[in-house]
Amino acid sequence: MLGECGMLERDRRGLRKCSVTLCKEMVVDELFIQSLQTDDILTDSMAESILVEPTSHKRSWRLLSLLPKRGPRAFSSFCSALRDTEQQHLCALLTESPERDGERQCPQTAKAKDRAEEVISTAYPIQASDRNAPFTKTPVKDSEEEGDEEKERYVDSPLPLPTQEGIVPAKRARTQESMEMCLDADSPITSSVLPCTPDFYLKHCQQSYSMVSSPRGLALVISNVSFDPCAAPDLDSRKGGEVDEEVLRKVFTELDYIVTVRRDLTAPGMRECIEQFGRRQQHQTVSSCVVCLLSHGVEGAIYGTDGQLLELDWVFEAFDNAHCPLLQNKPKMFFIQACRGEEMDCGVEQSDGPERTQSPGCEQRDAGREGEGDGDTRQTEERGRLRVKLPQRSDMICGFASLKGTAAMRNTKRGSWFIQEVNSALRFRARDTHLSDILVQVNGRIKDREGYAPGTPHHRCKEMSEFTSSLCKDLYLFPKYHPQY
């Protein structure tokens with residue numbers, strides 16, 4: 001029997017019966033959607049409407065609401081996409097659903113079912129091992145996680161294990177027993193950056209930093225993935241780091257930045273690269289600057305591939321008003337993906353810095369005006385000739401992947417939690433949200449994440465990102481909008 005727009009009624013019932021499990025466990029990423037687009041099940045607009053949803057649960061729900069309307073081939077293509085993205089257990093759950101098997105009680109229905117399954121099995125043959133996957137314990141060698149001795153253990157769920165920086169998990173499919181709701185559900189999103197509208201620009205441009213140049217600015221991404229085993233034997237390869245650097249390259253290119261990516265630099269190499277980047281004359285004609293540093297780290301510093309540390313305070317100093325005059329009064333954005341300690345964050349405590357107090361220097365200009373009537377003409381004339389002074393460091397904003405003293409989480413297939421969320425937020429929110437609020441939203445998404453790694457210290461692990469800011473105005477990126485003068 002055909003359902004709405006030709007889908008088999010039993011397939012519709014099977015989807016409805018399994019919808020709760022599918023919404024909880026299904027990973028709906030761009031690869032999954034592309035598979036359905038290739039089979040002409042989803043249109044481009046449908047694909048975009050799914051990927052634009054902010055959470056995995058909402059993307060799954062949106063997809064399941066569209067599938068019954070996409071014809072008799074939609075179910076088989078959906079199952080094929082599940083298999084192609086290593087979610088065979090969900091495919092088996094659907095094809096073995098009691099809602100489907102119950103039709104065998106009716107001979108005519110059974111014949112129709114057998115014929116349909118004959119067609120379906122051609123498109124996505126289900127192996128016996130696949131059918132049993134959700135209920136079979138899988139042997140896993142601990143050697144998959146670098147730094148551990150090789151030993152065999154068993155896990156109920158072949159999930160990708162979330163780990164702190166430097167530990168390498170392997171991707172595995174989700175199971176019904178999985179408690180993980182968001183660790184790998186949000187894979188790197190590559191939907192186009194949503195454009196700013198002319199009306200929004202005109203309404204906000206006067207109260208925000210000027211962002212009218214094309215390109216918007218220069219961006220530097222330094223990504224240390226492989227470390228010298230002799231000079232830095234304790235620093236493991238950062239598998240998944242290459243995913244982060246590519247994600248950042250793509251999103252900032254779409255945001256109209258000229259992106260330079262440098263891989264695997266020593267501490268002196270990073271210093272030289274940053275100094276050269278800061279001296280580039282093109283900074284004079286652009287509106288802003290971006291620096292992304294991805295590596296192992298400790299509080300206040302990141303590691304070069306030689307095991308030596310580069311102080312973050314030096315990095316910020318390299319772009320301050322004294323050392324980088326070409327970027328004075330222009331926003332400078334920093335994103336630091338690195339550990340800031342070794343503690344595993346349980347997500348209960350939140351580290352806040354010391355309370356900021358008013359500086360007497362802020363009132364200096366007004367104090368000078370009060371003395372203008374004292375008859376000291378020479379001092380008054382000298383004050384008239386002095387330029388307006390800037391603080392040593394201003395107009396900066398820096399996002400950190402973790403709080404002080406805690407580890408940052410990175411998945412070897414999807415990249416780090418923090419960069420995933422920054423990428424998603426920039427693509428969907430930069431059109432009408434200033435950067436400080438974007439990073440607040442990133443904090444909220446990171447707060448909701450939870451690791452799933454039974455039997456390891458990383459089970460139910462948490463991460464909490466934070467940012468610091470000396471911005472003096474709202475920082476809107478105004479993506480894809482270029483005012484005409």
Side-chain angles (χ1 to χ4, degrees), residues 204-211 216-221 248 251-252 255 257 274 278 283 286-294 297 299-302 311-324 326-338 340 350-359 361-362 389-406 408 417-419 421-426 429-447 463-479:
H204 293 85
C205 63
Q206 297 298 323
Q207 292 78 35
S208 60
Y209 283 100
S210 174
M211 295 288 280
R216 288 285 192 261
L218 308 183
L220 174 65
V221 179
L248 291 170
V251 71
F252 282 111
L255 289 168
Y257 285 81
I274 289 170
H283 286 306
V286 296
S287 300
S288 61
C289 168
V290 176
V291 176
C292 306
L293 304 177
L294 320 173
E299 172 54 29
I302 61 170
E311 297 290 334
L312 290 178
D313 197 58
W314 177 88
V315 176
F316 301 140
E317 183 180 277
F319 293 92
D320 68 19
N321 294 319
H323 295 84
C324 193
L326 296 179
L327 287 171
Q328 286 181 359
N329 297 314
K330 298 177 182 180
K332 296 160 278 284
M333 294 162 269
F334 300 86
F335 299 92
I336 312 298
Q337 171 58 42
R340 301 173 72 187
Q350 182 164 343
S351 175
D352 291 323
E355 189 172 344
R356 188 179 298 273
T357 59
Q358 297 241 340
S359 167
C362 297
K389 294 185 70 173
L390 294 172
Q392 184 80 11
R393 189 178 299 176
S394 66
D395 307 291
M396 293 184 178
I397 185 167
C398 181
F400 294 94
S402 61
L403 300 178
K404 293 180 179 180
T406 63
W417 293 7
F418 178 63
I419 299 302
E421 297 299 350
V422 168
N423 172 56
S424 177
L426 288 175
R429 306 299 179 193
R431 66 183 303 185
D432 57 9
T433 308
H434 61 76
L435 189 60
S436 295
D437 278 356
I438 285 176
L439 290 180
V440 169
Q441 294 175 15
V442 168
N443 286 351
R445 295 293 297 271
I446 293 292
K447 178 183 176 182
E463 175 178 306
M464 190 62 226
S465 57
E466 68 174 353
F467 68 94
T468 62
S469 174
S470 60
L471 294 180
C472 305
K473 301 178 182 179
D474 289 338
L475 174 52
Y476 291 100
L477 300 179
F478 300 126

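We use all heavy atoms of the structure for the numbers below, so side chains are in, but hydrogens, waters and symmetry mates are not.
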Locate the shortest heavy-atom distance separating [X] from [Y]; write the atom from each residue and the value.
| X | Y | value |
| --- | --- | --- |
| Pro479 | Ala430 | CD-O, 3.4 Å |
| Glu299 | Lys404 | OE1-CG, 3.4 Å |
| Ala408 | Gln337 | CB-NE2, 3.6 Å |
| Leu312 | Ile302 | CD2-CG2, 4.1 Å |
| Pro331 | Met211 | CG-SD, 4.3 Å |
| Leu471 | Ser469 | N-OG, 3.1 Å |

Start with the C-alpha distance between Leu439 and Met333, add both sets of side-chain angles, then the distance that settles side-chain contact (heavy atoms from CB on, under 4.5 Å), and finish with yes or no. CA-CA 11 Å; Leu439 290 180; Met333 294 162 269; over 6 Å; no
I'd like to know whether Ser288 forms a side-chain contact (heavy atoms from CB on, under 4.5 Å) with Tyr257, so could you lay out the CA-CA distance, the side-chain angles of the two residues, the decisive distance to 0.1 Å, and finally the verdict. CA-CA 9 Å; Ser288 61; Tyr257 285 81; 2.7 Å; yes
Within-4.5 Å side-chain heavy-atom neighbours: [X] and [Y]:
| X | Y | value |
| --- | --- | --- |
| Ile419 | Leu294 | yes |
| Val315 | Ile336 | no |
| Cys289 | Lys330 | no |
| Val442 | Arg445 | no |
| Asn443 | Glu421 | no |
| Arg393 | Asp313 | yes |
| Ile438 | Val422 | no |
| Gln207 | Lys473 | no |

Rounded to the nearest 0.5 Å, what separates atom [atom1] in [X] from atom [atom2] in [Y]?
| X | Y | atom1 | atom2 | answer |
| --- | --- | --- | --- | --- |
| Met464 | Leu403 | CE | CG | 6.5 Å |
| Tyr476 | Ser210 | OH | OG | 15.0 Å |
| Trp417 | Glu463 | CH2 | CD | 6.0 Å |
| Cys398 | Leu293 | SG | CG | 8.0 Å |
| Phe478 | Leu255 | CZ | CG | 13.0 Å |
| Ser287 | Leu475 | OG | CG | 10.0 Å |

Should Leu248 and Phe335 be marked as a side-chain contact (heavy atoms from CB on, under 4.5 Å) after you check the CA-CA gap, both sets of side-chain angles, and the distance that decides it? CA-CA 10 Å; Leu248 291 170; Phe335 299 92; 5.8 Å; no
Please check this pair: side chain of [X] against backbone of [Y], looking for a donor-acceptor N/O pair closer than 3.5 Å.
| X | Y | answer |
| --- | --- | --- |
| Arg216 | Leu477 | yes |
| Glu466 | Phe400 | no |
| Ser470 | Met396 | yes |
| Asn321 | Pro391 | yes |
| Thr433 | Asp437 | no |
| Arg340 | Ser402 | yes |
| Tyr209 | Cys472 | yes |

Aromatic ring pairing Phe334/Phe316, orientation class (parallel under 30°, perpendicular over 60°, tilted between):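 Answer is perpendicular, since the angle exceeds 60°.
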Step by step, work out the side-chain contact (heavy atoms from CB on, under 4.5 Å) result for Gln328 and His283. CA-CA 10 Å; Gln328 286 181 359; His283 286 306; over 6 Å; no
